[in-house]
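Order of appearance sets the numbers: ligands from 1, and atoms from 1 within every ligand. Quantities reported herein were computed from a predicted structural model and do not represent experimental measurements.
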Amino acid sequence: MTAPLKPLVLVVEDEVDLVTLLKYNLEKEGFRTLAAGDGEEALLLAAEQTPHMVLLDWMLPLMSGLEVCRQLRRSSKTRDIPIIMLTARGEEADKVRGLNSGADDYIAKPFSTTELVARMRAVLRRATPNIAEELLTFGDVAMDLAAHRVRRNGRDVHLGPTEFRLLRHFMQHPGRVFSREQLLDIVWGHDVYVEPRTVDVHIRRLRKALNDEEDMDLIRTVRSAGYALDAKSL
Ligand code: CA
C-alpha cells in the first residue's frame with residue numbers, strides 16, 4: 001500500500017458552522033476529516049472507519065460527549081482511538097479532568113486552530129508514532145513524507161528530489177546549523193563527489209520554491225558556517 005498516511009479525524013459536533021470551520025482548517029493542516037452531528041452517528045462512524053483520532057464536543061443532542069467517550073472506550077474496536085474533548089466552559093473542562101472520562105486531552109472553546117492542531121499532533125505522536133513521523137511541520141510549512149508533498153500556508157510547494165531531501169533534513173533538525181560538507185554527506189551521500197558550491201545552488205532552488213513574494217525566508221545563511229532552518233522566524 002502506498003496510500004499517504006494522512007491522519008483521519010472524526011469531528012463530533014452539532015454546530016454546523018463550527019464543523020465547517022474545523023473541517024476546512026484541519027484539511028489545510030494535512031488531516032482527513034469525517035463529521036458526525038450527534039453521538040449515535042459518531043459511534044457508528046468510529047466503529048466503521050476507525051479514525052486515528054476523535055474530536056468530541058461535550059454538548060451534543062441526545063447523548064452527551066461524555067457518554068460517547070465512555071462508549072468509545074467500552075468497545076474493543078474503538079477503545080484505542082485517541083479522543084480530544086471540546087468543552088464550552090471552564091466548568092466542563094474541570095469535569096472532563098475530574099471524571100476521568102477516558103479522553104486523552106481536552107480543549108476549551110473558543111480555541112485557535114494553531115492550539116488545537118498542536119494538541120492533536122501531541123496526542124497523535126503518543127498514540128501512533130508512525131503517523132506523526134510522516135508529518136513534519138515548521139511554522140507554516142507542512143511536509144507529508146509519505147505523500148511526498150510540501151505545503152506552505154496552504155499552497156503547494158513543488159520541490160525537486162534534492163531540495164526535498166534538504167528540506168526534510170532541516171525540518172528534522174530545526175534551528176541547527178549544517179555546513180556545506182555536512183549537507184553533502186547527509187543529503188547526497190558519502191560516495192558521491194560533488195563540489196560544496198553545489199549545495200548553494202540547491203539551497204537557492206529550495207528558497208525560490210518555498211518563498212512566495214510575501215513569505216519570510218525560513219532558511220538562514222550562516223556566514224562561513226552553512227545553513228539552518230531559522231528558528232527565530234517561528
Ligand atoms: Ca455542541
Please list every donor-acceptor pair under 3.5 Å in which a side-chain atom of residues 20-29 meets a protein atom from a residue at least two apart or in another chain.
residue, atom, partner, partner atom, Å
Thr20, OG1, Val16, O, 2.9
Asn25, ND2, Leu21, O, 3.3
Asn25, ND2, Thr113, OG1, 3.2
Glu27, OE2, Thr33, OG1, 2.4

Would you check, one step at a time, whether the test side-chain contact (heavy atoms from CB on, under 4.5 Å) holds for Leu136 with Arg168?
CA-CA 8 Å; Leu136 296 173; Arg168 180 180 61 198; 4.1 Å; yes

Please enumerate all residues that pass side-chain contact (heavy atoms from CB on, under 4.5 Å) together with Arg119, with sequence neighbours excluded.
Ile84, Asp105, Ile107, Glu115

For His169, what residues pass the ring-ring contact (aromatic ring centres under 6.0 Å, His included) criterion, not counting sequence neighbours?
His173, Phe178

Environment of the Ca ion (ligand 1) in terms of protein N/O/S atoms, cut-off under 3.0 Å:
Glu13 OE2, Asp14 OD1, Asp57 OD2, Met59 O

side-chain contact (heavy atoms from CB on, under 4.5 Å) assessment of Val141 paired with Met171:
CA-CA 9 Å; Val141 179; Met171 290 189 54; 3.9 Å; yes

Working for side chain to side chain donor-acceptor pair (under 3.5 Å), residues Arg207 and Thr221:
CA-CA 11 Å; Arg207 276 188 169 129; Thr221 305; 2.7 Å; yes

